[in-house]
Every structure is written in C-alpha cells, then in structure tokens.
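Encoded as structure tokens, the structure appears first; notes follow it.
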Amino acid sequence: MASSSQKGVVITIPVLVLSVSAAAIFLFFLLSSLSSSPCTCPPSTPDSTFTTTAAVVTGGKVVEEVVDRRISVSRDDIEWVKDQIRANGLHMQDNVLRKGINPRTRAQQLEDLNNFKGISHYEGSEANNHTALPCPGELLVEEHHSNYGEPWAGGRDVFEFLAESSRLTANSRVLEIGCGTLRVGLHFIRYLKPEHFHCLERDELSLMAAFRYELPSQGLLHKRPLIVCGEDMDFAKFGSDVMYDLIYASAVFLHMPDKLVWVGLERLVSRLKPYDGRIFVSHNIKFCSRLGGDECTKRLGSLGLEYLGKHSHDSLLFNHYEIWFEFRRSKA
C-alpha cells in the first residue's frame, strides 16, 4: 500500500514577522480608540458626584459642557465651612444697627422701597424707561419666602433627596405638582437642561413670584421651564409625548379630595417612565390608606403603579425632617 503524502501550509519567517507586526499595530489603535471614548456608564460614586451634561451660558448663548456635579454636600464640605468659621473667629451676634449696616424687617424694607425707591433711582418720565422687567415691591423684599411655615432653605433639602433617590441627570425630565414660588423648583431648573422642568400650579400670586422675581433674579430665564397655571390635575398643556423620570408632589395632595388625587394619578401613569421613573408624595398618603391596605394596593395595581416604600430625609441647616412615599410604574 502506497503511503499517503502529508500536506501542510508552509509559512516563511518573513511572512510570520509581518503578520505579528500588523496584528500588534491593529491592537494598539484599537486600545487607543477605546481609551479615548467618553464613558457612558451610570454614576456609581457614593458621594453623589455625577458626570453629566450641563447647560451653561457663554456669550449670551446656551451651550452644553460635561462637568462633575455633586448634588448634596459631603462631610469634607461641612468640615471645610466649619474650619472657615473657626479660622476667622466668628460667632453669632445680634443683628443691630452698626456701621454700614441698617437691619430692616421685610415690612420696613417694603415701606422704604415704596417711599424712597432706593438710594439711586430715576424720576419722572425716566422712571419707566430703565427697568426691563419691573417687579412689585412685595416680591423684591421676598415676602413670599415666608409662605411655607419653615425656612426657604428647606427647598434645597427636598431637591437633594429627590434628585439622588431618582438618580437624575441633567437630561432627566421632572414634573412638580404644585411648585408654588419655586422654593424647590429653582434647584431642579438650575440642574436640568432647558425646558426639562415642568410644573402645574393653581395659585396666581405664587406664579407671579416665580416668573417676575425668582427666575429673573436667579438668572434662570434661559432655562425656559414650562410652568402652567391650572388645577383639577389637568396636564394637557404639557403635551402627550413627554415621559418623566420624576413626578413629585410636596404637601399638595393634603389639600385635595381623595377622588381628585386618584384622577391625577390615573392621568400621570402613562407619562411616567416604566420601572425607572418615580413618583414621590410627601407627608402622608391618606388618599390611599383610607381605602385599607389591600384595597389601596389593588387600586394602585389597577393603574399600573407599585408602592416602593416610605423614606425620610433630614435638613442640612435646621432641625427638621420630611417624609416621602415612593411609587413606580410597574408595567410598560
């Protein structure tokens, strides 16, 4: 029997060297391109620092840039400010008349403003030609900051809790039911991209304070929040194609009939992102608990909502905590 001859592929040394070199060059460029690509991974840092896209004003135009944005303060931040106070030997003092400082109550400020119009001001026909957006004196002295039964600074606490709990980014969309004078909303408007904050509010004076004082004085007019004057949980003016990452109501449901709250939730479910979107309601959920535990769960389930739990958060600046109830859309 004739032996079968073996067949094989013969690779010369020069060809082998060229092949290895080509593979190494390809691998080098591949790794370089991967290392230079921006990471789109979700934030996972424990100190609430997020790499996100922020809208900023440059040369009168709104542009976007990627920045690191921490939502809540860190322990290092708190220790830093305490160190500054200690280093400067500062102590709280009585706010009395002293050189260059004339303490005034809001009522006194308003009286001074009405009577004297400020140290330097225009008279006669010129009085109306130099102010682009005249603001009522009651708003200029911030009387509306006392409308909430607790310090205005508490709005920042609410923002930090909700933004972190919902893992918001600048690209998220937020709806507040009852934003009032924007005690909380200002912080969301500043954080989010333009037009990404929406609000339904019924109180006309609160909306005047928001539009004529808070947004202009905070430099946030370019953010173009969609704030609608309305009631009865009518969200038609927000459009039918908007999907929210967060919908929240701070103390608003306490002042509504249970039936109207349920009407509102039914209308909002389809506007909330499935699974990842969140609804937060503050203080209590008696509109649901009054039905009884099983019936409450059943009613929520019929809307496609799931109750996730009760939370509380502390204030940074004063002795106060707030309670929130969390829901999500459990069906796509």
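Going from atom CG of Leu205 over to atom CD of Glu143 covers 9.0 Å, rounded to the nearest 0.5 Å. Here Gln93 contributes atom CD and Arg98 contributes atom CZ; the two are 8.5 Å apart, rounded to the nearest 0.5 Å. The CZ atom of Arg329 sits 9.0 Å away from the CG atom of Leu305 when rounded to the nearest 0.5 Å. Rounding to the nearest 0.5 Å places CG of Asp258 at 11.5 Å from CD1 of Ile285. Asn102 CG to Asn95 CG: the interatomic distance, rounded to the nearest 0.5 Å, is 9.5 Å. Rounded to the nearest 0.5 angstrom, Leu90 CG and Asn88 CG are separated by 5.0 Å.
Closest approach of Leu215 to Pro225, counting heavy atoms only: CD1-CG, 4.0 Å. When all heavy atoms are compared, the tightest approach of Leu139 to Met208 is CD1-O, 3.8 Å. Taking both residues in full, the closest heavy atoms of Gln109 and Val141 are given as CB-CG1, 3.6 Å, listed atom of the first, atom of the second, then distance. What you find for Cys179 and Phe197 is that their closest heavy atoms are CB-CZ, 4.5 Å. The heavy-atom pair separating Ser250 from Trp324 by the smallest distance is CB-CH2, 3.8 Å. When all heavy atoms of Glu201 and Gly180 are compared, the closest pair comes out as OE1-N, 2.7 Å.
A donor-acceptor distance shorter than 3.5 angstrom exists from the side chain of His196 to the backbone of Ser172, with no hydrogens or angles considered. Checking side-chain atoms of Tyr191 against main-chain N and O of Leu168 turns up a donor-acceptor pair under 3.5 Å. Using a distance-only test at 3.5 Å, with no hydrogens or angles considered, no donor-acceptor pair links the side chain of Arg271 to the main chain of Leu175. For the pair Arg267 (side chain) and Met233 (backbone), a donor-acceptor distance under 3.5 Å is present. Using a distance-only test at 3.5 Å, with no hydrogens or angles considered, a donor-acceptor pair links the side chain of Arg106 to the main chain of Glu142. In this structure a side-chain-to-backbone donor-acceptor pair under 3.5 Å is present from Ser217 to Glu214. For the pair Lys310 (side chain) and Ile323 (backbone), a donor-acceptor distance under 3.5 Å is absent. Not a single donor-acceptor pair under 3.5 Å links the side chain of Asp314 to the backbone N or O of Tyr321. The closest donor-acceptor contact from the side chain of Asn284 to the backbone of Lys286 lies under 3.5 Å.
Using a 4.5 Å cut-off between side-chain heavy atoms of Ile, Leu, Val, Met, Phe, Trp and Tyr, with links allowed through other members, Ile247 and Leu265 fall into the same hydrophobic cluster. Follow the hydrophobic side-chain contacts under 4.5 Å out from Leu260 and you reach Leu200 in the same cluster. Ile177 and Val242 fall within a single hydrophobic cluster, where Ile, Leu, Val, Met, Phe, Trp and Tyr are joined by side-chain heavy atoms under 4.5 Å apart, directly or via other members. At a threshold of 4.5 Å between side-chain heavy atoms, the hydrophobic network of Ile, Leu, Val, Met, Phe, Trp and Tyr places Ile71 and Val174 in one connected group. Hydrophobic clustering, with ILVMFWY side chains joined whenever heavy atoms are under 4.5 angstrom apart, keeps Ile189 apart from Tyr244.
Glu164 and Ser72 form a side-chain donor-acceptor contact under 3.5 Å, judged by distance and modelled atom types alone. Between the side chains of Asp77 and Ser74, a donor-acceptor pair is found at a separation under 3.5 Å. Looking at Tyr213 and His144, their side chains never bring a donor and an acceptor atom within 3.5 Å of each other. Of the N and O atoms on the side chains of Gln218 and His187, not one donor lies less than 3.5 Å from an acceptor on the other residue. For the residue pair Thr181/Tyr148, the side-chain donor-acceptor check at 3.5 Å is satisfied.
The neighbour count for Arg86 CZ, taken as heavy atoms of other residues, nucleotides or ligands under 6.0 Å away, is above 12. Around the CD atom of Glu204, the shell of radius 6.0 Å holds no more than 12 heavy atoms that belong to other residues, nucleotides or ligands.
In this structure, the side chains of Ile227 and Leu182 come closer than 4.5 Å at one or more pairs of heavy atoms. Between Phe280 and Leu246 there is a side-chain heavy-atom pair separated by less than 4.5 Å. Counting heavy atoms from C-beta outward, Lys223 and Leu192 have side chains that stay 4.5 Å or more apart. Leu186 has its side chain within reach of Trp152: a pair of non-hydrogen atoms, C-beta onward, lies under 4.5 Å apart. Residues Ile78 and Leu316 have side chains in contact (heavy-atom distance under 4.5 Å, counting atoms from C-beta outward). Side-chain atoms of Cys288 and Leu300, non-hydrogen and from C-beta on, do get closer than 4.5 Å to each other. Considering only heavy atoms from C-beta on, Tyr248 stays 4.5 Å or farther from Phe161 through its side chain. Here the side chains of Asp245 and Asp276 are not in contact, with every heavy-atom distance at 4.5 Å or above.
The only member of Leu303, Leu268, Leu308, Ile279 that meets side chain to side chain contact (heavy atoms under 4.5 Å, CB included) when paired with Phe327 is Ile279.
Taking the six-membered ring where the residue is Trp, Phe235 and Phe238 present tilted rings, their angle falling between 30° and 60°.
With respect to Arg328 and Glu306, a salt bridge is recorded, a charged nitrogen being found less than 4.0 Å from a carboxylate O.
Applying the salt bridge (charged side-chain N to carboxylate O under 4.0 Å, His left out) test to residues at least two apart or on different chains, the pairs with a partner in residues 144-160 are Glu150-Arg183, Arg156-Glu160. Counting only residues at least two apart or in different chains, ring-ring contact (aromatic ring centres under 6.0 Å, His included) contacts with residues 96-126 comprise Tyr122-His130.
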Check: Given Trp262 and Glu266, is the side-chain contact (heavy atoms from CB on, under 4.5 Å) satisfied, shown in steps?
Finding: CA-CA 6 Å; Trp262 284 108; Glu266 183 176 2; over 6 Å; no

